[in-house]
Amino acid sequence: MTADSIFSQETVSLTVSCISASYGRCQVLKDISFHAHAGELTGLLGPNGCGKTTLLRALCGQLPYSGSCLLNGRPLEGLSSRQLARQISYIPQRSGIGISLPVMEVILMGFNPVLGILQQPSAGQKALALQALKAVGMEAYAGQDYQKLSEGQKQLCILARTIAEDSSLLLLDEPESSLDFPHRHQVMRLLAKIAGGQVLSCTAGTFPDSGRTPGAGSVPVWNDLDNRPISPKTALITLHDPQLALEYCSRLILLKDGVCISILHPASDPVPQMEEALSEIYGPVRLYTPDSSGKNENCGSGRSSNEDNLSSRNRNEDDGHKNRRLVLLPG
Amino acid sequence: MKMYPNTKAAKFFPALALLAAAGLLSLLVGKYPLSLAKLLAGDEMQTQVFLTLRLPRSLMAVLGGFALGAAGYVFQTVFCNPLAAPDMIGVSSGASAGAAFAILFLSGSPLAVTASSFLGGLLAVGIALGLASAVRGQYFSGRGTYSAGNGTIVLAGIAVHSLAQTILMILKLTADPERQLASIEYWIMGSLSAITLRQIPFYCAVCVAGLTGIFLLHRQIVLLSVEESEARMLGVPVGKMRLLVLFLATLTVASVISVTGVISFIGLLAPHIARLLTRDNRLPALALSGLMGGFLLTLADILARSAASAELPVSIFTSLLGAPFLLYLILNGKGDRNHDG
Amino acid sequence: MKRTLAILLTLTMLTVTACGGGSSSPAETTAAAGAESAKTQSAEAENAETQSAEAENAETKANETENAETAAAQSITYPVTVTDQIGREVTIEKEPETLVSGYYISTSLLIALGLKDRLTGIETKAGSRNIYHLSAPEIIGLPSVGTAKEFDLEGCAALEPDLIVLPAKLKDVIPSLEELGLTVIAVNPEDKALLEEAVTLLGTATNTMDRAASLLAFHDEQLEPLTAALSGTDQPTVCLTGNSSFLSVAGPAMYQNSLIEQAAGVNAASDITEDYWADISYEQLLAWNPDYIILAADAEYSVDSVLQDENLRGCKAVDNGNVYQFPNAIEAWDSPVPSSILGSMWLASVLHGDTYPEDNWKQAAADYYETFYSFTPDLDNLYTDAE
């Protein structure tokens, strides 16, 4: 297990048990149960209308549900919306910021759950916000108008806000859907790092990765301004594109008609089993596992051993790839 | 940090200076020949005119314009709509109906008309916001209660606005065409000519209180412009906060227009001018909206009282002054967009 | 965004225009087309009645009317063709036996011409006119044909009157009425000259020229002694305030200005250029500092409210208690009615009580209402109980 191998302990942080929810008389979620682990991305896959977004909204407290949901051992149900906001960062498909604001102001919104209603962000929080912007490589845009950014840049800003928020559960609703190809991967890589706590890694080097010189996206150094404990985050993410999900998520929850039909671990599950599960959602599909060095493995033939998988993960870690490479094609 | 260019302050202080200059000028212009020498000499009549008429009128122009501009900013920000204005949820029509009611059925004295139109405006907004929160909104809030979405509020506002207009129409129909109807029309046109010291203290206090609330809540107002579920996850109690902010904004507007009658455009123009100058939507834009509103209304009132032998409706000048200024700013390319839409 | 703002600006401009329109609308409702002639009309023109170009113009147009006037005492031979006050030629086939009037001034004129028994329909809100209660209470219950704003076309047609008299404002409904075979004349008595023309027009149309001529003569009969009595007196400044507020005043271009001049007063609002009630500020009133403030007969506010307004302290009229209201128990003498000379006479007795005692106008008023309206006015109670 990927997460286990990194933190060498079981890090189940989100336990969803038997969640059901309905819009009026129409039941949209039926007895959904799963675990999600801190430090990794958990993907929610399913056809349109399967209840992905509904599940996120239920977890956000925006839709009443039955069943229970534990975050780090504490139930989410009893929390006020303000307490929920402190625990959860919600990242929509595209941010609903409709007026011109400096990018910096958008990042500072992330501190609202911990600020009093009449309170202003402190100088320390402003410094943190700037650090978060640096982490996504957008510090040059701090004073610019958020509305004038491209969709990709906007999404990076929202991720910077998420970094600033530093809440333990991230809920992302198709964060990639409005982005172009390079931005999709950039955003997913960044997300993986945020979830892994790597963006927050301090100079002392708690994690072995942090000292390395990274490849594509530079991993910024967090100056640990407020001595916050650096924690991996649980990230639940609905994805439009199963290919991205296979590439970046450690765990995939497959939903169909409001029911959880299977849970996949792209790093370790047998390819035919995954093929079968994915076919339930996307129709007949085939999974290839091209060798990372370029030579193709045949579909279904190769079951990577745990060892192979681990080495592959290590090789790709810097740019956020956690899994062996899998290519999904219509069958 | 270089992210806040100092141009905000560079625009804020000239605006403050402009408003102060306009305020001073408005103390000097009027039909009664006041002279500084006589005032200082303690001439009784001069002092009386200055203290009970000239000063209150100038004060009301500055404060009223400030309030209308700031309230316009609040509405445009909360509704994320560059055409939003305080009238949208019925405050003007409610106040007009209230004034007409007082003219027809109460004594018709200035104090009664002011009080009645203030209550009318608040009643209309109260009904609109009450309706909106009673109606099942689009989203659930954290505790399973419903909150009033923007759309619901606008719809309820439109309903109340039309209702108030209908009441106003019925009141006008029952009015005696030669006397009461003229009074109603005159009130609706809006003017600062009849403002006296006695009328305004209460309304100024209400207005200042509302403005204080708006300025204290300015960060929440910006957050309310964010799409509802996102704002909620940023810890904003969206439903309650929106009702509170809209109530504060209409409170300030009602306190102004119940004294002056309906004044158009300031609530619409001042925030646009402010945003074009500051190019964003935060506290500087709010403050500048107020300053521009105050400046526009003061200048418009100076013209209204001096351009002709008679007093002219102040709304003519607010739009005559404001619209070209706005056009100039747009054509000068000072800002490309301030709203996505 | 630019586009949005452009739309916004267009809207703004449109609304400006709308506002401009709105601001003149009260003027339209009362002064209407008469505003033009009110401007050209001066006090001299009133004294020398037919000298103004406009009056001449009207006469040449209405040649039938002119003939009728020169032969005032003669009775009219039908069919008669008249030119009404919106310039239409109307032929009246026979002496009308039934009449409908859609305007209070024409209704009042028809009563003065002794035709109240021929009325079969009148304007709405007739119950609010004191002169009807006093002189022709029976007409108050007649079918109503609507107001100048909302005319009841069908209701009017159903009465099948021989002649319909409408205000000029209702000219749009005239073609419809004519298509129904009804005879309509429009009147526009917005100032004194037009009022006299209307009197002659109605007298001709209804064959009551005798009474019309004596009605017209009343004004001049009273004006002469008034002018004589007041010549050489000091002329106090007077501010004549309107119906809605004492901060709306009559400027020199208004009909009401002639009342002040005939009563040997000077209009304090002489620098006002508007030809309708002009809005002013307290400061303006204090700066004018008039000797007298005279409220319109139909004022919404009371004399006391003016006297007690502390913002007017220091104004001569208020400090000396010289605030009065035109009597309103019978008719509003400050509006263009045939009895308006009584307004000048009343005002003269207020301004110059020592040289022109109030018996003068009381006697004239009693004569006037007994002659034309067949009732004896109660001249001790000049005001209705309105606030």
Side-chain angles (χ1 to χ4, degrees), chain A residues 56-58 60-64 78-92 94-106 108-115 117-121 123 126-127 129-130 133 139 141-148 158 161 165 167 171 173, chain B residues 1-5 7-8 73 76-82 138-145 147 150 213 215-241 244 275-276 278-283 285 335-341:
Chain A
L56 291 192
R57 285 187 50 199
C60 284
Q62 293 183 12
L63 191 69
L79 299 181
S80 72
S81 40
R82 195 168 167 78
Q83 286 169 314
L84 270 180
R86 285 184 195 167
Q87 303 271 337
I88 302 174
S89 288
Y90 172 73
I91 295 106
R94 35 174 94 209
S95 175
I97 293 173
I99 58 175
S100 286
L101 285 175
V103 164
M104 192 61 187
E105 200 65 22
V106 174
L108 288 174
M109 284 180 176
F111 295 112
N112 189 57
V114 294
L115 287 174
I117 280 183
L118 305 181
Q119 215 180 342
Q120 300 303 312
K126 284 179 182 168
L130 196 61
L133 264 181
E139 73 270 28
Y141 294 86
Q144 294 215 1
D145 183 356
Y146 177 81
Q147 298 297 347
K148 288 182 184 163
I158 299 302
R161 187 174 77 189
E165 270 184 273
S167 44
L171 299 177
D173 190 7
Chain B
M1 277 186 281
K2 274 202 171 173
M3 59 194 144
Y4 297 122
T7 53
K8 304 280 149 59
Y73 161 88
Q76 292 180 8
T77 306
V78 169
F79 287 110
C80 240
N81 179 347
Q138 230 183 329
Y139 296 99
F140 288 87
S141 73
R143 284 176 177 147
T145 51
S147 79
N150 273 340
F215 273 84
L216 286 176
L217 289 171
H218 74 93
R219 207 169 51 79
Q220 302 296 319
I221 293 170
V222 171
L223 281 164
L224 281 175
S225 74
V226 177
E227 191 269 323
E228 176 148 355
S229 52
E230 191 179 341
R232 203 187 301 283
M233 292 321 292
L234 289 170
V236 185
V238 178
K240 284 176 211 151
M241 187 57 69
L244 174 65
R275 272 191 303 259
L276 284 168
T278 61
R279 287 203 241 175
D280 78 48
N281 283 281
R282 293 166 307 131
L283 186 60
D336 290 326
R337 64 209 266 194
N338 42 25
H339 276 288
D340 196 23

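Sequence lines set the chain letters: A, B, ... in the order given, protein chains first and strands last, and positions in each chain run from 1.
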Task: N/O donor-acceptor pair under 3.5 Å between B:E228 side chain and B:G239 backbone - done: no
- [ ] Determine yes or no for a side-chain-to-main-chain donor-acceptor pair under 3.5 angstrom, with A:Q62 supplying the side chain and B:S229 the backbone.
- [x] yes
Open item on the list: Looking at A:D145 and A:S100, would you say the former's side chain and the latter's main chain have a donor-acceptor pair under 3.5 Å?
Closed with: no
Task: A:E165 side-chain N/O to A:S89 backbone N/O, donor-acceptor pair under 3.5 Å - done: no
TODO: Using a cut-off of under 4.5 Å on heavy-atom pairs, state which of A:Q83, A:Q87, A:M109 scores highest against chain B.
DONE: A:M109
Open item on the list: Report which part of B:Q220 has an atom under 4.5 Å of a heavy atom belonging to chain A: side chain, backbone, both, or neither.
Closed with: side chain
Task: Top contributor to chain B contacts, counting heavy-atom pairs under 4.5 Å, from A:I88, A:L115, A:I117 - done: A:I117
Task: Part of A:L171 lying under 4.5 Å from any heavy atom of chain B - done: neither
Task: Side chain, backbone, both or neither of A:Q120 within contact of chain B (heavy atoms, under 4.5 Å) - done: both
Open item on the list: Tell me every residue that passes side chain to side chain contact (heavy atoms under 4.5 Å, CB included) with A:R86, counting only those two or more places apart in sequence or in another chain.
Closed with: A:R82, A:P113, A:V114
- [ ] Could you check which of B:L216, B:L234, B:V226 has the highest count of heavy-atom pairs closer than 4.5 Å to chain A?
- [x] B:L234
